[in-house]
Visitor: 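Here you go, one structure.
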Amino acid sequence: MQHGATRKNFALKRVLGRLSWKFNRSKIHDPAVAQAIVDDIKSASPDHVALTGDLVNVAALSEFERGAKWLREFGNPDWISFVPGNHDAYVAVRWEHGMSRFAPYMDGDMTIAATETSAHLAAGFPYVRLRRNLALIGLSSAQPQSLLKAAGTVGNRQLQALTKLLHKLKAKGYYRAVMIHHPPLPGLAPDRKALTDAAALLDVLSQEGAELVIHGHNHREMRNEIQGPSEKIPVIGVPSASSNGHRHHEPAAWNLYEISRNQGNWQTQVSIRAWDPKSRSIVSTRQFILPS
């Protein structure tokens, strides 16, 4: 009985999601804006690109195919790291029919003893990609949710693995950048859209430290900090990469992080480049140095 009710719930959720797109979200999200962001990133030619989720809308099978094509046209899997968002797990879609299309962008470089997998996300999380002295740590908060929810969960297995990874990578001298879709701190999103175990994730980060945490989900620029064991941990969110700035929505933007080391201390300069609705182009808005 419950299984059948869940299926109906997910089917109705997809219908409501499509209606939301037709009458609301389609006015905000513009493929031309997303392409302008992609072109600007390619022009800047960063060493690596980190995507924090929501490549699809209602997790229809055709959307996964289009998302995979978009990723391939954007760049090579070695150049782009991806973590899924709540829309990528909008309803329960088995791995082989859905997110397996994004698998090359979620492959890690380290063997991790215990990772989280599921029927919809068979790629192991967390994963780690090592790029010179940078360690990108991908967490998944993408879990199919009930009708009116867009929340996320990391889960105990990922949290336990993350604790060990942060400790090990710190000892090896890596700059540790954590990627997650949902805002990772309590109170940064309404309950129905929040990370359910944000407090537990906060405990791990506070205990082990990190040099940077990036997220999406709220579709707006966000800057927060966590007190680590000896240093501040910047927590940075960005607007949707396809937002045209309609009404109260923040225009699309992307952040360029320039990481350097001076006398043993990491320094991160952030340059924000955003869509300007008036000129219909990507412009530089501001730069700042992250606390360390």
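Quick note: residue numbers are just sequence positions, from 1.
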Visitor: Counting only N and O atoms by type, is there a donor-acceptor contact under 3.5 Å from the side chain of R131 to the main-chain atoms of L134?
Guide: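 No; zero donor-acceptor contacts below 3.5 Å.
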Visitor: For M106 and F125, what are the C-alpha separation, side-chain angles and deciding distance, and is it a side-chain contact (heavy atoms from CB on, under 4.5 Å)?
Guide: CA-CA 9 Å; M106 301 184 283; F125 279 86; 3.6 Å; yes
Visitor: So which atom in E208 and which in L166 form the shortest heavy-atom distance, rounded to 0.1 Å?
Guide: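 Looks like CB-CB, 3.7 Å.
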Visitor: Between atom NZ of K164 and atom NE2 of H167, what is the distance when rounded to the nearest 0.5 Å?
Guide: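 Here the rounded value is 11.5 Å.
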Visitor: Between H29 and H219, does the ring centre distance come in under 6.0 Å?
Guide: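 Yes; H219 has its ring centre under 6.0 Å from that of H29.
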Visitor: Check whether any side-chain N or O of N218 sits under 3.5 Å from a backbone N or O of R220 as a donor-acceptor pair, and report yes or no.
Guide: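 Here the side-chain-to-backbone pair does not exist.
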Visitor: I'd like to know whether Q227 forms a side-chain contact (heavy atoms from CB on, under 4.5 Å) with S206, so could you lay out the CA-CA distance, the side-chain angles of the two residues, the decisive distance to 0.1 Å, and finally the verdict.
Guide: CA-CA 6 Å; Q227 180 57 59; S206 299; 5.9 Å; no
Visitor: Between Q287 and S271, is any side-chain donor less than 3.5 angstrom from a side-chain acceptor?
Guide: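 Checked: Q287/S271 side chains pair up, N/O donor to acceptor below 3.5 Å.
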Visitor: Using a distance-only test with no angle check, is there a side-chain donor-acceptor pair under 3.5 angstrom linking D88 and Y90?
Guide: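 Judged by distance alone, the side chains do not pair up.
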Visitor: Looking only at heavy atoms, which two atoms of P239 and A252 are closest? And how far apart?
Guide: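 Closest approach of P239 to A252: CB-CA, 4.4 Å.
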Visitor: Considering only NZ, NE, NH1 and NH2 on the basic side and carboxylate oxygens on the acidic side, decide whether K69 and E65 come within less than 4.0 Å.
Guide: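 Salt bridge absent between K69 and E65.
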Visitor: Might you confirm whether atom CZ of R94 has over 12 heavy atoms from other residues, nucleotides or ligands at distances under 6.0 Å?
Guide: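 Count not over threshold, so no.
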Visitor: Using only atom types and a distance under 3.5 Å, with no angle test, would you say the side chain of S240 pairs donor to acceptor with the backbone of S242?
Guide: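 A pair under 3.5 Å: yes.
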Visitor: Just to verify, which of I214, V83, L201, T52 counts as forming a side-chain contact (heavy atoms from CB on, under 4.5 Å) with I180?
Guide: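 In the set I214, V83, L201, T52, the residue that makes a side-chain contact (heavy atoms from CB on, under 4.5 Å) with I180 is L201.
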Visitor: Any salt bridge between R176 and E211, counting N to O under 4.0 Å?
Guide: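 So R176 pairs with E211 through a salt bridge.
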Visitor: Kindly give the heavy-atom pair with the smallest separation between G124 and T115, and that separation in Å.
Guide: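 In terms of heavy atoms, the two residues are closest at CA-OG1, 3.6 Å.
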Visitor: To the nearest 0.5 Å, what is the distance between NZ (K42) and CD1 (I37)?
Guide: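 Going from the NZ atom of K42 to the CD1 atom of I37 covers 13.5 Å.
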Visitor: What is the distance from atom CG of D47 to atom CD1 of I259, rounded to the nearest 0.5 Å?
Guide: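 Nearest 0.5 Å value for the CG-CD1 distance: 9.0 Å.
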Visitor: How long is the span from the CH2 atom in W254 to the CZ atom in R273, to the nearest 0.5 Å?
Guide: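 One gets 6.5 Å once the value is rounded to the nearest 0.5 Å.
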Visitor: Could you tell me whether the side chain of Y257 and the main chain of T268 form a donor-acceptor pair under 3.5 Å?
Guide: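 Judged by distance alone, no pair lies under 3.5 Å.
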Visitor: Regarding D276 and S279, do their side chains bring together a donor and an acceptor under 3.5 Å, going by distance alone?
Guide: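 Judged by distance alone, the side chains do pair up.
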Visitor: Aromatic rings H217 and H182: how do their planes relate, parallel, tilted or perpendicular, breaks at 30° and 60°?
Guide: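 It falls in the tilted class, 30° to 60°.
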Visitor: Any donor and acceptor pair, going by atom type alone, linking the side chain of R72 with main-chain N or O of G67 inside 3.5 Å?
Guide: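 Not a single qualifying donor-acceptor pair exists.
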Visitor: Counting only N and O atoms by type, is there a donor-acceptor contact under 3.5 Å from the side chain of D54 to the main-chain atoms of H87?
Guide: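 The answer is yes, because a donor-acceptor pair under 3.5 Å joins these two groups.
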Visitor: Can any side-chain N or O of E116 pair as donor or acceptor with the backbone N or O of P126 at less than 3.5 Å?
Guide: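 Not confirmed, E116 side chain does not pair with P126 backbone.
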Visitor: Quick one: closest heavy-atom pair of Y174 and L130, and the distance?
Guide: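 The pair with the smallest heavy-atom distance is OH-CD1, 3.8 Å.
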Visitor: Say whether N86 and H181, considering side chains only, have a donor N or O and an acceptor N or O under 3.5 Å apart.
Guide: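 Note: N86 and H181 side chains meet the donor-acceptor criterion.
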Visitor: Answer yes or no: is there an ion pair linking R129 with D107, defined by an N-O contact shorter than 4.0 Å?
Guide: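 D107 and R129: not salt-bridged.
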Visitor: Regarding D39 and Q35, is there a side-chain donor-to-acceptor distance under 3.5 Å anywhere?
Guide: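 Result is yes, a qualifying pair exists.
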Visitor: Measuring from atom CD of E250 to atom CD1 of I28, what distance do you get when rounded to the nearest 0.5 angstrom?
Guide: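 Those atoms lie 12.5 Å apart.
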Visitor: Heavy-atom count check: over 12 atoms from other residues, nucleotides or ligands less than 6.0 Å from K172 NZ?
Guide: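 Open: at most 12 neighbouring heavy atoms sit under 6.0 Å from NZ of K172.
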Visitor: Does the side chain of N244 pick up a donor-acceptor pair with the side chain of W275 at under 3.5 Å?
Guide: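 Looking only at side-chain atoms, W275 and N244 do not form any donor-acceptor pair under 3.5 Å.
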